[in-house]
Amino acid sequence: MRGARSGPVAADPAPALSRGLAPGSIPGQTNPFLAGFRAYIVASTRTPRIPAPVMEFFDLPLHPLHMSDRKDGNDQDASVITKTRARTQRPPLYKVLLLNDDYTPMEFVVHILERFFGMTHAQAFEVMLTVHKKGVAVVGVFSFEVAETKVAQVMDFARRHQHPLQCTMEKE
Ligand code: TYC
């Protein structure tokens with residue numbers, strides 16, 4: 001009979017458990033109800049009639065559970081360790097090409113090469129002659145945005161001076 005207990009006896013925990021006290025909490029540490037429950041186990045003169053599933057949660061280890069704690073015989077840890085390697089790719093480069101024509105004055109082309117491509121007069125003259133003879137030459141290699149800007153600057157400058165000079169870009 002329940003009334004036959006001796007010593008300090010806590011209230012029967014079953015109703016509180018069934019109200020949903022978290023099985024994950026650490027027994028007797030913070031939860032006043034569970035502290036009482038411990039006292040109940042110690043003081044009882046008979047095996048407490050506590051259903052097996054309720055007792056099981058007192059067997060839980062005090063450290064956080066890991067997948068490797070599984071009792072199904074499968075000791076594989078489910079954690080996945082991945083090595084990440086930072087991969088940076090260089091942005092593509094673009095060649096800026098100057099094309100020959102029969103009308104643009106040589107000095108004008110030299111001026112363009114000095115002004116927009118930072119060449120000395122000697123360099124600019126040499127490159128201009130290469131374009132004149134070969135029909136086309138690379139006058140610089142840049143990132144997409146810079147190449148695009150150079151082409152626009154040359155085309156705009158030539159147009160404003162009414163020369164048919166052509167400048168293009170292509171991926172290296
Ligand atoms: N062929 C031009 C001339 O004889 C000169 C020229 C050089 C024009 C280079 C364009 O990209 C060019 N006047």
Side-chain angles (χ1 to χ4, degrees), residues 16-35 53-172:
L17 281 170
S18 64
R19 281 202 304 273
L21 283 177
S25 57
I26 299 170
Q29 280 200 351
T30 52
N31 189 323
F33 157 71
L34 290 174
V54 175
M55 288 302 291
E56 262 174 25
F57 92 79
F58 287 100
D59 290 330
L60 290 173
L62 291 177
H63 56 79
L65 280 175
H66 296 287
M67 290 300 286
S68 53
D69 293 325
R70 291 190 312 192
K71 290 176 179 170
D72 59 6
N74 184 350
D75 255 0
Q76 286 176 337
D77 196 320
S79 318
V80 178
I81 296 169
T82 54
K83 261 191 188 172
T84 52
R85 209 186 316 154
R87 279 207 178 176
T88 50
Q89 275 193 325
R90 288 166 187 250
L93 292 174
Y94 291 79
K95 298 181 286 194
V96 172
L97 308 160
L98 205 58
L99 279 65
N100 188 35
D101 67 75
D102 293 336
Y103 307 100
T104 305
M106 287 184 171
E107 330 61 272
F108 184 80
V109 177
V110 170
H111 178 70
I112 288 237
L113 293 171
E114 290 171 341
R115 181 174 178 142
F116 297 116
F117 297 93
M119 295 183 195
T120 64
H121 188 78
Q123 289 170 332
F125 193 84
E126 197 181 316
V127 172
M128 181 279 295
L129 270 187
T130 302
V131 179
H132 175 73
K133 290 180 196 163
K134 307 251 180 197
V136 62
V138 175
V139 295
V141 178
F142 309 97
S143 68
F144 180 84
E145 290 80 5
V146 174
E148 198 179 40
T149 302
K150 300 285 181 193
V151 169
Q153 286 172 330
V154 171
M155 295 297 283
D156 182 59
F157 194 72
R159 206 176 302 125
R160 282 199 276 126
H161 288 82
Q162 301 180 340
H163 295 310
L165 183 63
Q166 294 296 304
C167 184
T168 60
M169 60 190 270
E170 65 180 42
K171 203 170 183 181
E172 224 186 15

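Just so you know, ligand 1 is whichever comes first in the structure, and atom 1 is the first atom listed for that ligand. Note that the structure is a prediction, hence the values are computed from the model and not measured.
- Met169 and Val151 make their closest contact through CB-CG2, 4.0 Å (heavy atoms, listed as atom of the first residue, atom of the second, distance).
- Here Asp101 has heavy atoms under 4.0 Å from ligand 1 in both its backbone and its side chain.
- A distance of 12.5 Å separates CD1 in Ile112 from CD in Glu107, rounded to the nearest 0.5 Å.
- Near Leu165, with a cut-off below 4.0 Å to any heavy atom, the atoms of ligand 1 are 10 (C), 11 (O), 12 (C).
- A salt bridge is absent between Lys95 and Glu172: the closest approach of a Lys/Arg side-chain nitrogen to an acidic carboxylate oxygen does not fall below 4.0 angstrom.
- Counting the atoms of ligand 1 from 1 in the order shown, those under 4.0 Å from a heavy atom of Thr104 are 2 (C), 3 (C), 5 (C), 6 (C), 8 (C), 13 (N).
- Each of the following atoms of ligand 1 lies closer than 4.0 Å to a heavy atom of Val131: 9 (C), 11 (O), 12 (C).
- Near Leu99, meaning under 4.0 Å from one of its heavy atoms, ligand 1 places the atoms 10 (C), 11 (O), 12 (C).
- Listed by number with element, the atoms of ligand 1 under 4.0 Å from a non-hydrogen atom of Leu98 are 11 (O).
- For the ring-ring contact (aromatic ring centres under 6.0 Å, His included) condition, the pairs that include at least one residue of residues 139-166, sequence neighbours left out, are Tyr94-Phe144, Phe108-Phe157, Phe108-His161, Phe108-His163, His111-Phe157, Phe116-Phe157, Phe157-His161.
- Annotation: atom 7 (C) of ligand 1 to nearest protein heavy atom, Asn100 OD1, 3.6 Å.
- At distances below 3.5 Å, at least one donor-acceptor pair connects side-chain atoms of Gln166 with backbone N or O atoms of Pro164.
- The CG atom of Leu113 lies 11.0 Å from the CD atom of Glu126; values are rounded to the nearest 0.5 Å.
- Of the protein's non-hydrogen atoms, His132 CE1, 3.1 Å is the one closest to atom 4 (O) of ligand 1.
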